[in-house]
Number of protein chains: 2
Amino acid sequence: MFSIGEFSKITGLTVKTLRFYHERAVLIPARIESGSGYRYYDQCNVEQARVIVVLREFGFSLEQIVEILRDCRDETDLVGFLEQRRAALKQAICRDRELVRCIDRIIQQNLEIKQMIQKKTYEVEEKRVPELLVAGIRVTGRYDECGKVFGQLGRKLGRHISGTPLCLIYDDEYREDHADFEPSVPIRKPVQIDGVDIRSLPDQLCLTLVHLGPYTQLGRSYEILIRYAKERGYRLTLPSREVYVKGPGMFFRGNPKNYLTEIQIPFERQSDTI
Amino acid sequence: MFSIGEFSKITGLTVKTLRFYHERAVLIPARIESGSGYRYYDQCNVEQARVIVVLREFGFSLEQIVEILRDCRDETDLVGFLEQRRAALKQAICRDRELVRCIDRIIQQNLEIKQMIQKKTYEVEEKRVPELLVAGIRVTGRYDECGKVFGQLGRKLGRHISGTPLCLIYDDEYREDHADFEPSVPIRKPVQIDGVDIRSLPDQLCLTLVHLGPYTQLGRSYEILIRYAKERGYRLTLPSREVYVKGPGMFFRGNPKNYLTEIQIPFERQSDTI
DNA sequence: GCTTGACTCTCCCCTAGTTGGAGGCCGTAA
DNA sequence: TTACGGCCTCCAACTAGGGGAGAGTCAAGC
């Protein structure tokens with residue numbers, strides 16, 4: 001016979017926990033002194049406690065443990081319970097993995113933003129933009145409908161999204177009302193979803209400029225790019241792209257003054273056409 | 001402005017939850033009618049609620065969410081919190097996977113038991129027992145010390161264990177007191193742990209018999225095996241093995257009448273030696 | 001036999017994130 | 001006027017215990 005303190009040391013369960021288990025009829029002491037109310041545990045209780053500890057590690061609730069202790073005399077009786085628990089664990093693993101992937105994507109994006117800020121080259125560059133598989137929805141309307149369309153894309157593609165959202169611009173002039181553009185997101189593998197165009201953007205030579213500030217001031221950066229092309233006699237082609245490196249994100253609207261947008265306009269050099 | 005009911009439909013949070021979030025200063029309504037105490041929410045609250053829902057999905061506590069909403073204006077500010085969350089999720093995934101593996105082992109064992117019971121061939125068989133990598137502790141003493149030694153093996157090898165425990169018997173006669181035996185467990189890969197012998201049991205031709213009942217009656221089954229060998233002139237060799245297919249398990253002591261033990265004794269046929 | 005200190009008892013409150021219910025106020029429609 | 005829906009506050013419950021108060025009990029030392 002062990003007092004509750006001794007039994008606590010043997011089983012690794014706290015005294016509080018043992019009293020609680022008694023109250024819930026999970027682990028009932030072998031003897032209860034009628035005068036003092038002291039609890040005394042025996043060898044059989046030690047084994048019960050061992051079982052309870054293991055079952056709790058497996059994540060069973062106390063209610064289920066009571067049931068198991070009542071109904072199971074044998075490991076075979078336990079199989080049903082274990083299978084149920086296994087399914088729940090599998091599901092939890094799945095969900096957690098999905099969350100980790102999601103967190104990774106956000107962290108990765110912010111790493112890219114930091115790198116872009118560190119480079120501090122808010123200047124025109126000529127560079128090859130590699131091939132990119134994207135899913136997009138082409139729209140004719142106002143640019144501020146962009147947000148809604150990205151919302152749709154997010155809901156429809158979910159976990160297929162693999163990078164920073166961008167927008168293809170098909171107009172060769174600025175239009176307020178009937179702009180022709182295609183909000184898009186990079187994806188890993190081609191998928192078939194109705195209402196969404198899947199397309200592989202070709203590897204292209206582009207003029208690029210990282211625009212810092214609100215979208216309403218994108219015009220200035222376009223002006224810089226166009227002037228740069230004109231000076232060198234480059235011919236710009238369509239569609240151009242706006243890559244929303246940093247904008248209103250999944251969590252916060254953020255400060256538009258800190259938005260980062262990389263403009264990419266495909267071009268051909270005079271020398272290419274000679 | 002939305003009433004609490006409308007806002008509940010918009011955000012997918014229950015009215016109860018919204019009141020609770022107000023109390024905890026997680027999500028404070030834009031206006032509170034001073035007379036009636038009615039809560040009214042605005043567009044800004046809708047965005048806050050969206051953030052809160054996502055953060056809760058990630059598994060942040062309300063306390064942390066308050067902190068995040070207070071300190072973060074921007075997704076970059078969130079990275080620290082997210083990394084912390086990521087680590088916790090990774091750990092949870094690891095633990096859950098370990099549990100699933102453990103459950104699988106138990107289920108697998110019980111499947112084997114069921115198959116063995118279904119076959120119902122509690123008769124002597126001659127069969128090749130395949131090679132097996134085991135970890136064991138050799139002991140001289142009484143058989144009932146077996147349990148303690150298995151306990152040691154369990155603690156020392158833990159997750160390396162890959163199958164049903166067994167015991168190698170080095171005596172050619174029954175001994176009560178100074179028996180020479182080696183409780184062992186199958187393992188996946190060789191590991192170095194002091195006090196434990198790692199050994200690969202060779203592929204061998206054995207006489208086998210599944211014994212149903214308590215260990216105290218194992219003698220009967222040995223008798224059957226030995227008589228069988230004598231009748232055919234087979235020469236039995238050492239060590240023999242007892243595989244504890246079903247015995248006192250991780251959870252329950254079980255009923256000894258239902259214990260299943262497969263006895264395996266290596267042998268040579270006369271014809272082999274001619 | 002008495003004191004002392006360690007141990008144990010019950011009872012109540014606390015955690016997080018809700019859910020449920022009771023009882024009451026407010027506004028509108030029939 | 002009454003009924004109903006929506007809203008309010010306050011209270012209790014769930015898990016699996018933890019913390020502490022105040023009182024009773026046990027065993028050892030003197």
Side-chain angles (χ1 to χ4, degrees), chain A residues 1-42 45 48-49 51-69 84-85 88-89 92 95, chain B residues 1-42 45 48-49 51-69 81 84-85 88 92 95:
Chain A
M1 285 300 208
F2 310 108
S3 72
I4 197 166
E6 290 161 353
F7 192 69
S8 161
K9 274 168 202 145
I10 292 168
T11 58
L13 297 162
T14 67
V15 171
K16 281 279 185 192
T17 304
L18 288 171
R19 286 203 268 255
F20 181 67
Y21 284 2
H22 180 189
E23 190 193 318
R24 289 297 174 91
V26 181
L27 179 53
I28 297 163
R31 195 164 61 82
I32 296 143
E33 192 92 336
S34 58
S36 63
Y38 276 32
R39 295 168 179 85
Y40 292 100
Y41 295 85
D42 65 3
N45 288 141
Q48 282 173 25
V51 175
I52 291 167
V53 168
V54 178
L55 289 174
R56 222 188 29 178
E57 261 166 42
F58 276 128
F60 287 103
S61 70
L62 287 191
E63 203 180 355
Q64 277 180 306
I65 290 177
V66 173
E67 198 184 341
I68 290 170
L69 290 175
Q84 194 183 321
R85 200 68 215 117
L89 284 168
R95 205 208 40 199
Chain B
M1 285 299 208
F2 309 108
S3 73
I4 197 166
E6 291 162 350
F7 192 68
S8 161
K9 275 167 203 147
I10 291 168
T11 59
L13 297 163
T14 67
V15 171
K16 284 276 187 192
T17 302
L18 288 171
R19 288 203 267 256
F20 180 69
Y21 284 1
H22 181 192
E23 190 195 319
R24 289 298 173 90
V26 181
L27 178 54
I28 296 163
R31 195 162 62 82
I32 295 143
E33 192 92 334
S34 57
S36 62
Y38 277 31
R39 296 168 178 85
Y40 292 98
Y41 295 84
D42 65 4
N45 287 141
Q48 282 173 25
V51 175
I52 290 167
V53 168
V54 178
L55 289 174
R56 224 188 27 178
E57 261 166 43
F58 275 128
F60 288 103
S61 69
L62 287 191
E63 204 180 354
Q64 278 179 305
I65 289 177
V66 173
E67 198 184 341
I68 289 170
L69 289 176
F81 290 98
Q84 193 182 323
R85 204 64 216 120
R95 203 207 41 196

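Hydrogens, waters and symmetry mates play no part in the numbers below; they use all other heavy atoms, side chains included. Below, read A as the first sequence line, B as the second, and so on, with proteins coming before strands; counting in each chain starts at 1.
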* Asked: Picking from B/Y41, B/Y21, B/Y38, what satisfies ring-ring contact (aromatic ring centres under 6.0 Å, His included) with B/F7?
  -> B/Y41
* Asked: Going through the checks in order, is the side-chain contact (heavy atoms from CB on, under 4.5 Å) test met by A/L62 and A/F20?
  -> CA-CA 11 Å; A/L62 287 191; A/F20 181 67; 3.5 Å; yes
Looking at [X] and [Y], what are the two nearest heavy atoms and their distance?
{"X": "A/N45", "Y": "A/Y40", "result": "OD1-O, 4.4 Å"}
{"X": "B/V15", "Y": "B/G5", "result": "CG2-CA, 4.3 Å"}
{"X": "A/A49", "Y": "A/T11", "result": "CB-CG2, 3.5 Å"}

* For DNA chain D, the residues among residues 26-41 of chain A that have a non-hydrogen atom under 4.0 Å from it ->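 Listed by number, they are A/S36, A/Y38.
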* Gap between atom CZ of A/R24 and atom OG1 of A/T17 - 0.5 Å precision -> 12.5 Å
* Nearest-0.5 Å distance, CG of residue B/L27 to CZ of residue B/R39 ->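 These two atoms lie 10.5 Å from each other.
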* For residues 6-21 of chain B, which residues have at least one heavy atom under 4.0 Å from DNA chain C? -> B/T14, B/K16, B/T17, B/F20, B/Y21
* Any chance CD of B/E67 has more than 12 other-residue heavy atoms, nucleotides or ligands included, within less than 6.0 Å? -> yes
* Under a criterion of less than 4.0 angstrom to any heavy atom of chain A, what are the 5'-terminal and 3'-terminal contacting nucleotides of DNA chain D? -> D/dT15 to D/dC26
* To do: Check the angle between the aromatic planes of A/F58 and A/F60 and answer parallel, tilted or perpendicular using the 30° and 60° thresholds.
  =>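 Because their plane-to-plane angle is over 60°, the rings of A/F58 and A/F60 count as perpendicular.
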* Asked: Taking the side chain as C-beta and beyond, is there a heavy-atom pair between A/R56 and A/V26 under 4.5 Å?
  ->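 In short, these two side chains do not touch, never coming nearer than 4.5 Å.
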* Asked: Nearest-Å distance, CZ (B/R56) to P (C/dG17)?
  ->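 Rounding to the nearest Å, CZ of B/R56 and P of C/dG17 are 9 Å apart.
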